[in-house]
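For reference, the structure is listed below as structure tokens.
The sequence lines fix the lettering, A, B, ..., with proteins before strands; numbering per chain opens at 1. Hydrogens, waters and symmetry mates are skipped; everything else that's a heavy atom, side chains included, is used. Quick caveat: nothing in here was measured; it's all calculated off a predicted structure.
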Amino acid sequence: MAPEKSGKGGADPFKKIYAVVKRIPEGRVATYGQVASLAGLPGRARLAGTALRETPEGLDLPWQRVINAGGKVSPRGGMSVAEGYQRHLLEEEGVVFSASGRVDLERFGWNPDARPPRRRGS
DNA sequence: AAGTTGACTATTT
DNA sequence: AAAATAGCCAACT
């Protein structure tokens, strides 16, 4: 059975993170720690950031839906308009930022376990 | 191979 | 509320 070379796990951690980010529904946001956890990499929140740092093209990756645990857009350190751009994209999707530029994770935080109430809404 | 860096997080000031 | 500090872990040099 053609075992993989050196019996390694195979999938790269970056790829797992991309897969999870792709699953974030529109109008919802997730934290790096949450994404890492769902990717099977608990405690590797920084890895999620490192992976998104490149934002590979062609994957239709909604990187803008990933923010830090503080509910704020992560500063890149250097100069990057991407921060303002990210906020703009989220607002377009329906995410509301508070006066301090913070998002209410209680309301817009993605809950992968939550099921859309069907049958008689509300 | 070893040291530095960093789209993080929690705690403290 | 914002800034500084410490801890963590993998990628990058």
What does L47(A) touch in the nucleic acid at a heavy-atom separation under 4.0 angstrom: a base, only the sugar-phosphate, or nothing?
-> sugar-phosphate
Compare every heavy atom of R107(A) with every heavy atom of R28(A), then report the nearest pair and how far apart it is.
-> NE-O, 3.9 Å
Whole-Å distance between dA7(B) C1' and Q86(A) CD?
-> 8 Å
By nearest-nucleotide position on DNA chain C, the 5'-leaning member of S100(A) and F14(A) is S100(A)
Would you say the side-chain atoms of Q64(A) pair up with the backbone N or O of Q86(A), donor to acceptor, closer than 3.5 Å?
-> no
Common cluster, Y85(A)/V103(A), ILVMFWY with side-chain heavy-atom separation under 4.5 Å = no
Which whole-number value in Å describes the distance from K16(A) NZ to dA11(C) P?
-> 11 Å
Determine the contact category for R44(A): base if any of its heavy atoms lies under 4.0 Å from a base atom, sugar-phosphate if only primed atoms, P, OP1 or OP2 are that close, otherwise nothing.
-> sugar-phosphate
Length of the NZ-C1' vector between K15(A) and dA11(C), whole Å = 18 Å
Rounded to whole Å, the NZ-P distance (K72(A) to dA7(B)) equals 17 Å
Shortest non-hydrogen separation from I17(A) to A51(A) and the atoms involved | CD1-CB, 3.9 Å
Co-membership, hydrophobic cluster, residues L105(A) and Y32(A), 4.5 Å side-chain | no
Can you give me the N/O atom pairs linking the protein to nucleotides 9-13 of chain B at distances under 3.5 Å, or say none if there are none?
from	atom 1	to	atom 2	distance (Å)
dT9(B)	OP1	G33(A)	N	3.3
dT9(B)	OP1	A69(A)	N	3.4
dT9(B)	OP2	A69(A)	N	2.7

Taking every heavy atom of G94(A) against every heavy atom of F108(A), the minimum-distance pair comes out as O-CE2, 3.5 Å
Separation of dA7(B) C1' from R53(A) CZ (nearest whole Å) | 9 Å
